[in-house]
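Note that the numbering runs from 1 along the sequence shown for the chain. Keep in mind the model is a prediction, meaning the values are calculated, not measured.
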Amino acid sequence: MGDNTVQFQTSSPSQPHDSLPVSSQSPEHQPSSSKPKESHEITFSSSPYIGSPDRLVTSIPPSGARTPTAVGARTPGGTIKSRHLTPKFLTPLTSFSRTALHLTKLDPTDAWLPITESRNGNAYYAAFHTLCAGIGIQALILPLAFTILGWAWGVITLTLTYIWQLYTLYLLVNMHESPENGLRYSRYMQLAKAAFGPRLGRILAKFSIVYLSLGTCVASIIIGASTSKIFFQIVCAGGKCNPEKLTVVEWYLVFTCAVLILSQLPNLNSIAGVSLIGAITALGYCTTIWVVSVSKDRLPNVSYNPISIGSKVTRFFDVLNALGIIAFAFRGHNLVLEIQATMPTNKVQPSQVPMWNGIKVSYTLVALCLFPLAIGGYWAYGQMIPPSGMLTALFAYHSQDVSKTVLGLTSLLVIINALSSFQIYAMPAFDEMESKYVRRYKKPCEWWHRMIMRSVFAFTCFFLAVAIPFLANLAGLVGGIALPVTLAYPCFMWLRIKKPKVYGFSWWLNWVLGVIGMILSGLLIAAGLYVVIHDGVKFNFFKPV
């Protein structure tokens with residue numbers, strides 16, 4: 001397709017500098033002026049696919065000039081239409097800090113997609129999103145890993161994994177934009193393709209990303225719905241209401257409808273308030289559970305001897321499965337580039353600065369949740385902790401000596417966090433679906449079409465939740481599949497893109513970590529399968545409990 005020429009009009013030099021940035025305005029939303037305006041032409045050349053990495057504007061225009069430059073972008077049609085169909089009041093949070101002028105010019109098609117539609121994010125938004133994505137119900141099963149590894153190796157492994165994943169986060173943040181060619185990799189898949197090539201990058205990253213995002217959404221429905229039933233049982237105890245009137249499947253449906261309502265928020269920045277609530281509730285229920293468990297003292301006859309039942313092969317795979325549980329506790333790397341893509345960038349203030357500041361705050365809070373939860377939970381329950389983790393232990397061992405208010409509040413926090421986690425993990429799927437629409441029809445996705453696609457996704461997750469309600473019991477296997485995205489691929493991407501000095505410290509470090517990560521991933525997958533086959537998992541297809 002040949003090049004398209006699009007007419008933009010710039011504002012007069014007298015326009016104040018505190019107006020909206022270039023990246024957040026479309027031509028039909030430019031401010032009006034009674035003075036004659038000077039036209040500028042911008043030519044967009046064709047690119048092979050929709051949603052290509054964005055070019056950065058490296059030259060600062062004169063005062064008052066608002067003429068952006070887009071290189072390597074594709075314009076579907078003669079006129080760029082705005083996709084900002086959402087009123088301003090739907091944006092839940094205002095920006096805490098703004099720069100005077102943002103100099104990033106979006107790929108026009110990226111301005112139609114949920115991940116990159118809005119680029120007014122900041123360090124606060126980054127902290128909200130990464131904290132909501134980084135803490136989840138999977139943290140509550142960390143003490144199970146200690147039952148296999150014991151005190152010393154449990155703490156050592158948890159600490160090393162935390163440091164390792166924090167290092168790979170640093171790598172991803174610093175690979176988001178390239179000073180050499182002016183590109184922004186706004187999605188994990190784009191960076192994988194840039195590092196490994198289009199075909200190999202898709203093969204390596206596609207399955208893991210889809211499995212992690214879709215699996216988290218399905219698990220959110222399972223956990224949110226089952227906890228909703230428990231919450232109403234607590235509230236209705238001794239009252240006239242009867243929560244048993246709804247079956248488990250009906251509770252799944254109720255929770256899915258709540259998820260569907262929230263999923264209509266248009267883009268990643270618009271759910272910043274949802275992520276903030278999700279982060280607060282995650283901190284709340286994690287802290288409440290371990291504080292209550294520790295304050296009630298240890299169970300009688302508690303034991304801390306690592307489980308060593310069965311043959312050497314069985315014990316070896318049990319250890320690997322425990323490592324998979326720890327690896328699964330650190331998730332969210334598949335969303336880091338997408339979160340950073342919501343931020344403006346320029347040479348003076350590149351996006352990695354506020355992004356890394358937000359990550360430092362959020363992962364400090366992650367450590368303050370995960371370490372006390374794992375150590376305190378194992379201290380309180382030892383080998384007697386239930387297979388489903390700390391939440392079940394709280395109700396099983398302390399339902400009589402803990403007030404109903406505390407139990408009800410904990411359940412409510414888990415429900416709200418499950419609702420919030422679904423939104424941020426579903427956003428890449430929404431982005432992918434809408435990019436297919438844009439690629440085919442060469443126009444932004446209409447609001448009603450977007451609602452239909454997101455409804456289809458939500459009810460697909462509902463169907464999978466009903467069909468495979470035992471998904472939450474496969475944490476070790478899921479951790480093995482998701483581990484390369486978190487611990488291995490970023491190291492290899494750094495080697496391919498940044499090209500550190502051969503045989504230098506960075507070269508050796510990333511090669512060693514990447515190779516160990518891939519080997520560990522293979523072993524964890526094998527261990528997860530072995531545990532499922534040997535120990536048995538109740539495959540209650542279409543029989544949620």
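For S399, there are no side-chain hydrogen bond (donor to acceptor under 3.5 Å, both in side chains) partners at least two apart in sequence or on another chain. F371 is linked by a side-chain contact (heavy atoms from CB on, under 4.5 Å) to L158, T159, Y162, A367, counting only residues two or more places apart in sequence or in another chain. Applying the side-chain hydrogen bond (donor to acceptor under 3.5 Å, both in side chains) rule to Q340 yields the partners S351; only residues at least two apart in sequence or on another chain are considered.
Contact between I339 and T130 at its shortest, heavy atoms only, is CD1-CG2, 3.8 Å. Here the closest non-hydrogen pair linking K296 and D401 is NZ-O, 3.0 Å. Between W290 and L373, the closest heavy-atom pair is CB-CD1, 3.8 Å. The shortest heavy-atom contact between I223 and I137 is CD1-CG2, 2.7 Å. Residue G154 comes nearest to I326 through the heavy atom pair O-CD1, 4.5 Å, listed as atom of the first residue, atom of the second, then distance. In plain terms, the two heavy atoms of T288 and G284 that are nearest each other are OG1-O, 2.7 Å.
For the side chain to side chain contact (heavy atoms under 4.5 Å, CB included) with P490, the lone residue among L172, V173, V485 that qualifies is L172.
Electrostatic pairing of R439 and E434 does not count as a salt bridge here, judged by no charged N lying under 4.0 Å from a carboxylate O.
Residue pairs meeting the side chain to side chain donor-acceptor pair (under 3.5 Å) criterion with at least one partner in residues 405-422, sequence neighbours excluded, are Y285-N417. Among residues at least two apart or in separate chains, salt bridge (charged side-chain N to carboxylate O under 4.0 Å, His left out) pairs with a member in residues 201-225 are K206-E432. Pairs passing the salt bridge (charged side-chain N to carboxylate O under 4.0 Å, His left out) check and including a residue from residues 389-398, sequence neighbours excluded, do not occur.
Distance check: M343 CE to R184 CZ gives 9.0 Å after rounding to the nearest 0.5 Å. For the atom pair CZ (F462) and OH (Y252), the distance works out to 9.5 Å, reported to the nearest 0.5 Å. For the atom pair CZ of F457 and CG of L214, the computed distance is 5.5 Å after rounding to the nearest 0.5 Å. Here the CD1-CD1 distance, from I415 to I230, works out to 8.5 Å after rounding to the nearest 0.5 Å. Expressed to the nearest 0.5 Å, how far CG of L370 lies from SG of C286 amounts to 7.0 Å. R331 CZ to T216 OG1: the interatomic distance, rounded to the nearest 0.5 Å, is 5.0 Å.
Between the side chains of Y381 and S293, at least one donor N or O lies within less than 3.5 Å of an accepting N or O.
Remark: the backbone N or O of M175 is not paired with any side-chain donor or acceptor of Q352 at under 3.5 angstrom. For S455 (side chain) and M451 (main-chain N/O), a donor-acceptor pair under 3.5 Å exists by modelled atom type. Not a single donor-acceptor pair under 3.5 Å links the side chain of T227 to the backbone N or O of G224. Side-chain atoms of Y304 come within 3.5 Å of backbone N or O of W379 as a donor-acceptor pair. Judged by distance alone, with hydrogens and angles left aside, the side-chain atoms of S362 form a donor-acceptor pair with the main-chain N or O of I359 at under 3.5 Å. Remark: side-chain polar atoms of S275 are not paired, donor with acceptor, to backbone N or O of A272 under 3.5 angstrom. Not one N or O on the side chain of E117 forms a donor-acceptor pair closer than 3.5 Å with the backbone of W112. Looking at R298, its side chain never comes within 3.5 Å of a backbone N or O of S303 through a donor-acceptor pair. In this structure, the side chain of W164 engages the main chain of L487 through a donor-acceptor pair within 3.5 Å.
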Set out, in order, the CA-CA distance, both residues' side-chain angles and the distance that settles side-chain contact (heavy atoms from CB on, under 4.5 Å) for L407 and F395, then state yes or no.
CA-CA 8 Å; L407 296 176; F395 285 97; 3.9 Å; yes
Check against side-chain contact (heavy atoms from CB on, under 4.5 Å), I525 and L483:
CA-CA 10 Å; I525 294 173; L483 186 143; over 6 Å; no
I would like to know whether V254 and C257 meet side-chain contact (heavy atoms from CB on, under 4.5 Å); could you show each step before the answer?
CA-CA 5 Å; V254 170; C257 292; 5.9 Å; no
Could you walk me through whether K229 and Q233 pass the side-chain contact (heavy atoms from CB on, under 4.5 Å) check?
CA-CA 6 Å; K229 183 178 179 180; Q233 287 174 341; 3.7 Å; yes
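Using the six-membered ring where Trp is involved, Y125 and H129 have ring planes that are perpendicular, over 60° apart on the 30 and 60° scheme. Ring geometry for H333 against Y363 counts as perpendicular: the plane angle is over 60°, on a 0 to 90° scale with 30° as the lower cut. Ring planes of H449 and Y437: perpendicular class, angle over 60° (limits at 30 and 60°).
Residues P428 and M189 have side chains not in contact (no heavy-atom distance under 4.5 Å, counting atoms from C-beta outward). By the 4.5 Å heavy-atom criterion applied to side chains, Q383 and V302 are not counted as neighbours. Counting heavy atoms from C-beta on, the side chains of Y188 and L335 never come closer than 4.5 Å. Here the side chains of N321 and I148 are not in contact, with every heavy-atom distance at 4.5 Å or above. Between R119 and N269 there is no side-chain heavy-atom pair separated by less than 4.5 Å. Counting heavy atoms from C-beta outward, F430 and R450 have side chains that stay 4.5 Å or more apart. Residues I141 and S388 are not in side-chain contact: their nearest non-hydrogen atoms beyond the backbone lie 4.5 Å or more apart. Between S186 and L337, the closest side-chain pair of non-hydrogen atoms is not below 4.5 Å.
Within 6.0 Å of OH on Y170 lie no more than 12 heavy atoms contributed by other residues, nucleotides or ligands.
Ring centers of W251 and F232: under 6.0 Å apart, within the cut-off.
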